[in-house]
Amino acid sequence: MEFQRPRGTRDFLPDEMAKRRYIENRLREVAIRWGYGEIKTPTFEHIELFTIKSGEGILGEIYNFKDKGDREIALRPELTAPVIRMYVEGLQKSPKPLKFYYFDNCFRYERPQKGRFREFFQFGVEIIGSARPEAEAEVIALAVEMLNSAGVKGDLHVGHLGIVRSLLKEIQPYQQSKIMRLVDKKDDKGLDEFLDEINAPDEMRGKLFRLIGLRGINAMHEARELVGDIEAISQFEALLELLDVYGLEYQVDMGIARGLDYYTGMVFEIYCEGLGAQNQVCGGGSYRLAQLFGGEDTPSTGYAIGFDRVMEICEAKPAEVKRIVIVSFDDTREQAIVIAQKLRQHVSTYVDVAGRKFKDQISYANTLGASHVVIAGKNELDAGKVALKDMKTGVQELVTVEEIIEKIFR
RNA sequence: GCCUGGGUGGGGUAGCUGGUUAUCCUAUGGGACUGUGGAUCCUACGACUCGGGUUCGAAUCCCGACCCGGGCCCCA
């Protein structure tokens, strides 16, 4: 019986890996140019790291197991918590702000569908140690820049949880969470019913509905009327001004809640066409997790890009690489290896390892998509040369091994 | 966990109102053409997702499981 890969996992073949690596490298280059350093955290962590902020409810979506030392271990379902854990564990006294990026696989036990897998890849960044709008704006601009570098255009929505939450100060935290979740789902009917259920004051109810409906340029003016002149509004306005400085197109959207309790300030999401039900390619915001993990209270901002979703829709294609196949005969096989060793210093080179005959070697070069074939026959070698054949044009010329590289890359 | 559509050689397919040895294309291995690629020919390889049921007989009908696509819940 043949084995099958576990549900929701994938194998990546060379063609696809070439494309994935290409996009990955584009994202990396952007992160590095913006001054972010790469980090890597373990594939698995203690399960509490993920349950502490989100409760036991998420257990159903976590891959977890007990190790031989009887520890409850979880394959990471995301990377923000591990990064902050790493920060609290060893970097609290390092100069701020810290700017990190990461690219790694994560695991969630969910029903697979388009753009959703049980093993998936996230590319993300975090700024740790600044609560300023400058940090938030930079993070958003970086997210957009990364997606652009991958050839992806999306709709950027920006909101601020502090503003919405200020309306809910009077009610219980669990009720706040529930409301935020309904807001996030844009479930107006459910929200209305829930507000009835908890006997929310009419004033709050009216303001809440008006606030989460706010969009566009006058949003801040109206928001100020609704919630008063609070700090969060000034902060958010400062952020929007900076987004203008970056030249970003965005939509103010007070209806973003991210469904998560740990976000405290700015939140943003980027949506794309062509992804079916999972149309969000990027999401993030400002949060305070360090405290929760036993460290000092430290403001952070970050986001994660759904790398697999980017791969679904991105236009960018890697440039074709030159590939050479050396074709030899039984009496020149050893010389072919020597030539291959020289060419491999400069270019992807294939030499026959299957004992194939001359014609089949050329045929195979063709199926490989070789740009050139180097024919190492006795006649050529006796003259100190080889034949270089361009597989596109079919043109063939006698050259020395040293001349091959410059001929190919001319 | 729920709803919905679907699973025939490696890929793509025909058959699927039950009935000889499951069709065709392609890919792959070997060979012919004996120092020049995409061609042609010969040959080999290779499939009814699995289990149960109905039946004289099941790829075909029924049930279940598994897997895949899409949607819901969820989405840190």
Side-chain angles (χ1 to χ4, degrees), chain A residues 1-11 13 45 47 49-62 74-85 106-118 120 122 124 177 180-181 184-185 187 190 256-263 267 269 275-285 287 289 292 302-304 306 309 325-332 354-381 386-397:
Chain A
M1 184 51 200
E2 280 187 28
F3 287 105
Q4 283 184 316
R5 72 184 96 87
R7 179 158 210 206
T9 63
R10 293 158 295 165
D11 298 314
L13 275 46
E45 299 268 0
I47 197 165
L49 183 66
F50 304 110
T51 53
I52 190 171
K53 71 179 186 202
S54 314
E56 305 289 316
I58 55 147
L59 275 174
E61 284 159 20
I62 284 190
L75 301 184
R76 58 175 169 228
E78 53 120 8
L79 280 155
T80 300
V83 169
I84 298 305
R85 188 229 79 224
C106 300
F107 308 84
R108 293 183 196 175
Y109 193 87
E110 297 181 292
R111 178 83 160 76
Q113 53 184 266
K114 191 176 177 69
R116 171 185 282 183
F117 308 93
R118 287 183 173 178
F120 59 98
Q122 285 198 336
S177 299
M180 295 311 285
R181 205 161 316 131
D184 192 43
K185 277 195 273 195
D187 182 0
I256 299 181
R258 299 242 76 216
L260 266 188
D261 289 345
Y262 71 80
Y263 284 103
V267 285
E269 298 181 340
L275 281 168
Q278 315 298 325
N279 65 341
Q280 189 186 319
V281 291
C282 177
Y287 57 90
L289 273 180
L292 198 56
Y303 65 81
R309 293 179 188 176
V325 173
I326 301 180
V327 174
S328 61
F329 302 86
D330 283 338
D331 57 347
T332 60
R356 283 207 172 94
K357 285 181 279 192
F358 179 80
K359 184 166 182 169
D360 291 329
Q361 290 180 47
I362 291 195
S363 179
Y364 185 62
N366 190 55
T367 64
L368 279 184
S371 54
H372 296 80
V373 162
V374 168
I375 297 169
K378 191 129 197 345
N379 299 343
E380 292 85 352
L381 290 173
V386 293
L388 178 66
K389 177 174 180 132
D390 184 319
M391 291 297 275
K392 280 244 164 56
T393 63
V395 176
Q396 193 169 317
E397 54 186 329

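Chain letters run A, B, ... following the sequence lines, proteins first, then strands; residues in each count from 1.
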N/O contacts under 3.5 Å, protein versus nucleotides 2-6 of chain B?
from   : atom 1 : to        : atom 2 : distance (Å)
rC2(B) : N4     : Arg111(A) : NE     : 3.2
rC3(B) : N4     : Arg111(A) : NH2    : 3.2

Between the protein and nucleotides 39-48 of chain B, which nitrogen or oxygen pairs are less than 3.5 angstrom apart?
none

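Look at CD on Gln280(A): it is 14 Å from P on rC74(B), rounded to the nearest Å. Separating the CZ atom of Phe120(A) from the P atom of rA76(B) is a distance of 10 Å, rounded to the nearest angstrom. Rounded to whole Å, atom P of rU49(B) lies 18 Å from atom CZ of Arg5(A). Between the CZ atom of Arg356(A) and the P atom of rA32(B) there is a distance of 14 Å, rounded to whole Å. Between the CD atom of Glu380(A) and the C1' atom of rU36(B) there is a distance of 11 Å, given to the nearest Å. For Tyr364(A) and rG38(B), the OH to P distance is 16 Å, given to the nearest whole Å. When rounded to the nearest whole Å, the span between CZ of Arg181(A) and P of rA76(B) equals 10 Å. Separating the CG atom of Leu368(A) from the C1' atom of rU28(B) is a distance of 14 Å, rounded to the nearest angstrom.
Gln361(A) comes within 4.0 angstrom of nothing in the nucleic acid, heavy atoms only. In this structure, Gly306(A) reaches neither bases nor backbone, as no heavy-atom distance under 4.0 Å exists between it and the strands shown. Across all strands, Lys378(A) comes closer than 4.0 Å to base atoms (heavy-atom distances).
Going from the P atom of rC63(B) to that of rG5(B) covers 12 Å, rounded to whole Å. As rounded to the nearest Å, rG15(B) and rU60(B) have C1' atoms that lie 9 Å from one another. rC61(B) and rU17(B) have their C1' atoms separated by 11 Å, given to the nearest Å. For the C1' atom pair drawn from rG9(B) and rG46(B), the interatomic distance equals 5 Å after rounding to whole Å. Comparing rC66(B) with rG57(B), their P atoms are spaced 29 Å from each other, to the whole Å. Comparing the P positions of rA32(B) and rG38(B) gives an interatomic distance of 16 Å, to the nearest angstrom. For the P atom pair drawn from rU20(B) and rC16(B), the interatomic distance equals 12 Å after rounding to whole Å. Nucleotides rU26(B) and rC45(B), compared at atom C1', are 14 Å apart to the nearest Å.
OP1 or OP2 of rC68(B) lies within a sub-4.0 Å distance of a side-chain N or O belonging to Arg7(A). Not one side-chain nitrogen or oxygen of Gln4(A) sits closer than 4.0 Å to the OP1 or OP2 atom of rC67(B). An OP1 or OP2 oxygen of rA32(B) is reached within less than 4.0 angstrom by a side-chain nitrogen or oxygen of Lys357(A).
Across the strands present, rC75(B) finds no partner; the criterion is a Watson-Crick or G-U wobble pair with both atom distances under 3.5 angstrom. With a cut-off of 3.5 Å on both Watson-Crick or G-U wobble distances, the partner of rG5(B) is given as rC68(B). Checking rU17(B) for Watson-Crick or G-U wobble geometry (two distances, each under 3.5 Å) identifies no partner in any strand. Across the strands present, rC45(B) finds no partner; the criterion is a Watson-Crick or G-U wobble pair with both atom distances under 3.5 angstrom.
Here Ile84(A) contributes atom CD1 and Leu292(A) contributes atom CG; the two are 11.0 Å apart, rounded to the nearest 0.5 Å. Between the CG atom in Leu75(A) and the OH atom in Tyr109(A) there is a gap of 13.0 Å [rounded to 0.5 Å]. Residue Arg309(A) holds its CZ atom at 8.0 Å from CG of Asn279(A), rounded to the nearest 0.5 Å.
When each of Cys106(A), Pro6(A), Pro112(A) is checked for a side chain to side chain contact (heavy atoms under 4.5 Å, CB included) with Arg118(A), only Pro112(A) meets the rule.
If you check rA76(B), rC75(B), rG38(B) against the side chain of Glu78(A), the one that comes closest is rA76(B). With rA76(B), rG30(B), rC67(B) as the candidates, the nucleotide lying closest to the side chain of Tyr263(A) is rA76(B). Side-chain atoms of Gln113(A) lie closest to rC73(B) of the nucleotides rC73(B), rG35(B), rA76(B).
Nearest heavy atom pair, residue Gln122(A) against residue Leu79(A), reads OE1-N, 4.0 Å.
More than 12 non-hydrogen atoms from other residues, nucleotides or ligands lie less than 6.0 angstrom from CZ of Phe329(A).
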Taking only distance into account, with no hydrogens and no angle test, what donor-acceptor pairs under 3.5 Å do side-chain atoms of residues 355-366 of chain A form with protein atoms, sequence neighbours excluded?
from      : atom 1 : to        : atom 2 : distance (Å)
Gln361(A) : OE1    : Ser328(A) : N      : 3.1
Gln361(A) : NE2    : Ser328(A) : O      : 3.0
Gln361(A) : NE2    : Arg356(A) : O      : 2.8

Could you pull out all donor-acceptor pairs under 3.5 Å where a side-chain atom in residues 368-378 of chain A meets a protein atom, sequence neighbours excluded?
from      : atom 1 : to        : atom 2 : distance (Å)
Ser371(A) : OG     : Arg323(A) : N      : 3.1
Ser371(A) : OG     : Arg323(A) : O      : 3.0

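When the salt bridge (Lys or Arg N to Asp or Glu O under 4.0 Å) test is applied to Glu45(A), the partners found at least two apart in sequence or on another chain are Arg85(A). Partners of Ala81(A) under the side-chain contact (heavy atoms from CB on, under 4.5 Å) rule, at least two apart in sequence or in another chain, are Leu49(A), Phe50(A), Lys53(A), Glu78(A), Phe293(A).
Looking at Arg5(A), its side chain never comes within 3.5 Å of a backbone N or O of Arg10(A) through a donor-acceptor pair.
Sequence order on RNA chain B of the closest nucleotides to Ala376(A) and Tyr109(A) puts Tyr109(A) first from the 5' end. Heavy-atom distances to RNA chain B give each of Ile375(A) and Arg309(A) a nearest nucleotide, and the one nearer the 5′ end belongs to Ile375(A).
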Step-by-step side chain to side chain contact (heavy atoms under 4.5 Å, CB included) determination, Arg111(A) to Arg7(A) = CA-CA 9 Å; Arg111(A) 178 83 160 76; Arg7(A) 179 158 210 206; 3.1 Å; yes

